Amino acid sequence: MMALREPNRSLKHAPSRAQLCSLVLPVLVWAVHFIAVFAGISAACAPRALLTHDLVLLGTVALTLLGLVLALAPFLRSVGGSPALRRSARWAAIFATAAIMFTAAPVLFFNSCGG
Amino acid sequence: MSGRTVSTRPEDRRTPEDYSGARKGEPGKTFEQIWAQPSGWRIPSSVSHRVVGLRFIYTGFAFFLIAGFLALLIRTQLIMPGNTFLGAQAYNQTFTMHGTVMMFLFAIPILVGFANYLLPMMLGARDLVFPRLGAFGYWCYLFGGIIVLSSFLFNAVPDGGWFMYVPLSTSQYTKGLNADFWLIGITFAEIASVASAVELITAILCARAPGMTLTKMPIFAWYILITAFMIAIGFPPLIIGSILLEAQRLLGLPFFDPNLGGDPLLWQHLFWLFGHPEVYIIFLPAAGMVATILPVMVSKPLFGYALAVAAVLSMGFISFGLWAHHMFTTGLPILLLALFAAASSMVTVPTGVQIFCFIATLAQGRPRLTTPMLFILGFLFIFVLGGLTGVMLAAVPFNFQAHDSYFVVAHLHYVLIGGMVFPLFAALYYWMPHFTGRMMSEKIGTWVFWLMFIGFNVTFFLMHVTGLRGMPRRIATYPENIGWDRLNMLSTIGSYILAAGIMLFVVDVFRHRRHGRPAGYNPWNAATLEWLYPPFVPGFNFHAIPPVRSREPLWDQTELQGGAGKDVEGLLRGATHNRRETIGCDPITGIPLQVLRLPHPTWTPMLTAFGLAVAFGALIASAYAVTAVGTAIFLIGVIAWTWEPSDSGITVDAGMGIDLPVNIVDRRSHLHIAVIGTLLVLWALFSSVLFAVFYLWNIRPDIAMIVARPDAVAAWITLAGGIGMALSATIANGLALQGSRLGAALAGIMTVTTAFVAGGGVLVALLPVDAQATGLGATVWSLAGFLVVNLAVVAFWGLFNTARKVAGAVGPGQTLPDMNLASFARGIAAMVLVVAVLFLLAAMEVV
């Protein structure tokens, strides 16, 4: 009789909640990073001028470094389960890492709101 | 393990005598009869995913033909300089309706139709998990589309462009009902998409065949899952924007009026926060179709499944960070332009990865050059070209030159027609045998392809040049001898060739119904489960739901091959319990978790959508009494829909030696996941209003200074009410789980009471603020209004749950409604918390 309560023939290759989290975490980190950078630029460049450009730069650097570490988590900590989901998580980490760097780049290259 | 597996949960052991399930069931009917489709005048009451899916597809295609006809009118007007085929006003209406119908009434709905039709069969389910919601979505879409198109009958056709920029679309410059038809009709139609999104998310996560883990799902399911999440988050900004604009038109609230502290750019931000994800929402399901069809044509699995999943997921997220590239010329700070230029360039990476996966799949074998394959090759060529011009437009200096020129028209048609229409035609040729049992003609199909391919490229490639020569968008005519004449004439001729190809397809659709070759079993030698049976698939999809061990089950699992679908071993073989049922699974592992009870044919979705249509339509006519009647019909429909005996609390034989609980009371329940999905949508709506508040506060500090502060005491009461509501609902759930019906009912009353307290508090807190005096005041009132509506839903739900307990309609173990309300109330309470803190900070002059 098929062991229907167990996916496939071996539980150890089944996707797990931790794996799913490791797949989604990098892109979630990018999203938070993007929102923070966008908010910082808006705060600095709008008429209210809540922040200076230097603060935005500092914040961006700090968030970017933190974001890169978190986004690369699937490489730093391998979660067992489905090999396919593990590969997906690592690829997602690569895409998210690149996206985080692309997001941070304008703040690093510009020294003002630019007019 | 041998013998039966019996649930050990206490609430599942009880099987009271009256829990036969027959109260909603059809005793005395066979399995086939229970799943039979209604016939005759009852046909519209069908809620089957295949019927609803085909309705979406046929209706969407009809809108495609209408919008295509409008495109031919545009091209005819532009065939020569100084043409008077259409007047300027008529031209404005034509291009507005062309874009509106294509983007809102064709692209998304037809793809939703394919998803509705295919997914249950691909996933190993007998239907989607919320068939009535799918049917309701269809009727909302149809009625919304009718409202928009009825503007032709009232001489009030929208004419402000498909994106309805302010101030042109405000009542100052659009005095008639044109904009109202657009705003109200499209918002109504969008409800369909959002409802579909929640349904698809839940179906993909909760209703898969045993053993179908997330990584054994067909790749199409991943594309749809991510698209559905994008719809849930991406549509709300436009819904909010449309409501705000309509409120400005009707009530004079100055959201977008710069004289009173509003900002026209707020509309653009809200629109494009929707508008850019929208084009990826259109692209991804079509790419999913390519990812499904291409491997079949090559007879090899998709190359890089894991890579493709990561790319689609990344694309789904990153596409939300590009919106302002539609606003490069609006005067945004250059640093912000650079941010969006970088993001817009970056998104090409995951997009390109998917294209490389497709090309690598092609390279694995020798593709069969069938008509679907031709359209896929066309997609690759056209979409890649469109992507390249997209990268060009992402460069800000180039964008400054090309913005609002025909270069952009060329780009958007390359990505949308290449990225969606060509895959759609591939899908129509590929799955038409499944719909009708007959094959389309390969000979005619080849003609269709080449006419469309050549026609399309002649029409739109030349527009790159036209645009670079300076021709702006949306102009009704142009002077002669400035270098646009011949290009426009050739583009128009190309459009007629494209139209001829589409018409030939329509002819073939009708022709093949009578003369097409019978399809037989699995005519394409496909891998996925929708081809398990020879067309036509029985109404119940599967005699028994088979366990799945492979991503390509029809290629790898010998017991599923050969067309003997009815003999396959699986769960729920012929089991009726007098009800329509399918298997519910763990969202990640695919382990069978529950038996899902499904509704039988019913009129309530149509009635409920009709009530909403009356309410929305009457709003356009300012017939508010009729709006109230329509709203009442809607509420009656909702009550009739949801007041039904619960199915939880019993365990049934699911076959293959296992017993499963029915409609499990668990966070992994399909109903609970739908509540979480709904909360996601509501939080996206809430965040959109919050965005508007912060935007105006930040952009217009001069106006923010003169807006009155909220009342601090009322803000504290709001906070207390919100916390009390979350606690009450949680306690109600806990007491219900313990079997204390009286306790749960009393806690339910407390939930209602605290919801009223929170709602009252937030309204009183804002009494000092004049909504009509400033844009910021208006947006803050909108925030409060949104919160009050959701608190009203919590109150209504709490009363509903309590009423059902008092009426004795809730049996032991039937505590899903309490669990769901507890989660919903906590989600809304978090919104209350945010608003209350904001009001307190404002009251204390911190912000």
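Computation of the quantities below employed the complete heavy-atom set of this structure, encompassing side-chain atoms and omitting hydrogens, waters and symmetry-equivalent molecules. Letters A, B, ... are given to chains in the order of the sequence lines, protein chains preceding strands, and every chain is numbered from 1. Keep in mind that this is a model prediction, so the values were computed, not measured.
Under a cut-off of 6.0 angstrom, the local environment of CG in B:D556 is crowded, with over 12 non-hydrogen atoms contributed by other residues, nucleotides or ligands. Atom CZ of B:F303 has 12 or fewer heavy atoms from other residues, nucleotides or ligands within 6.0 Å. Taking a 6.0 Å sphere around CZ of B:F356, one finds it holds 12 or fewer heavy atoms contributed by other residues, nucleotides or ligands.
Heavy-atom pairs under 4.5 Å with chain A peak, among B:P350, B:C585, B:A311, B:S345, at B:A311. Most heavy-atom pairs under 4.5 Å with chain A, from the set B:N698, B:V309, B:L214: that is B:N698. By number of non-hydrogen pairs under 4.5 angstrom with chain A, the leading residue of B:A343, B:A342, B:P587 is B:A342. Of the listed residues (A:V27, A:V24, A:I35, A:T103), the one with the most heavy-atom contacts under 4.5 Å to chain B is A:V27. Considering only heavy-atom pairs separated by less than 4.5 Å from chain B, the leading option among A:S42, A:A89, A:A39 is A:S42. Residue with the most contacts toward chain A among B:A704, B:A324, B:G304, B:A310: B:A310 (heavy-atom pairs, distance under 4.5 Å). Here B:L339 is the residue among B:L339, B:V349, B:D586, B:L337 with the most heavy-atom pairs under 4.5 Å with chain A.
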Inset, instruction - I would like to know whether B:L307 and A:S88 meet side chain to side chain contact (heavy atoms under 4.5 Å, CB included); could you show each step before the answer? - result: CA-CA 6 Å; B:L307 177 57; A:S88 279; over 6 Å; no
Legend entry - CA sep, side-chain torsions, deciding dist, call: B:L335, A:C45, side chain to side chain contact (heavy atoms under 4.5 Å, CB included): CA-CA 8 Å; B:L335 181 54; A:C45 301; 4.3 Å; yes
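A:A46 and B:I699 make their closest contact through CB-CD1, 4.3 Å (heavy atoms, listed as atom of the first residue, atom of the second, distance). Nearest heavy-atom pair, A:F110 versus B:A338, reported as atom, atom and distance to 0.1 Å: CE1-CB, 3.6 Å.
Using a 4.5 Å cut-off between heavy atoms, B:V353 touches chain A through its side chain atoms alone. Looking at B:R551, the atoms closer than 4.5 Å to chain A (heavy atoms on both sides) all sit in the side chain, from C-beta outward. For A:A104, no part lies under 4.5 angstrom from a heavy atom of chain B. Looking at B:F694, there are no atoms closer than 4.5 Å to chain A (heavy atoms on both sides), in backbone or side chain. Both the backbone and the side chain of A:L85 have a heavy atom closer than 4.5 Å to some heavy atom of chain B.
Residues of residues 57-70 of chain A never come closer than 4.5 Å to chain B when only heavy atoms are counted. Contacts of residues 47-56 of chain A with chain B at a heavy-atom distance below 4.5 Å involve A:P47, A:R48, A:L50, A:H53, listed in sequence order. Among the residues in residues 94-101 of chain A, those with a non-hydrogen atom closer than 4.5 angstrom to a non-hydrogen atom of chain B are A:F95, A:A98, A:A99.
For the atom pair CZ (A:F34) and CE (B:M346), the distance works out to 12.5 Å, reported to the nearest 0.5 Å. In this structure, the separation between OG1 on B:T215 and CG on A:L20 is 10.5 Å, given to the nearest 0.5 Å.
Side-chain contact between B:I334 and A:C113 is absent, with no heavy atoms from C-beta onward closer than 4.5 Å. Within the 4.5 Å cutoff, no side-chain heavy atoms of B:T213 are placed close to those of A:S82.
Residues that satisfy the side chain to side chain donor-acceptor pair (under 3.5 Å) test with B:S688, not counting sequence neighbours, are absent from this structure.
Below 30°, between 30° and 60°, or above 60°: for B:W323 and A:F38 the angle between ring planes is above 60°, a perpendicular geometry.
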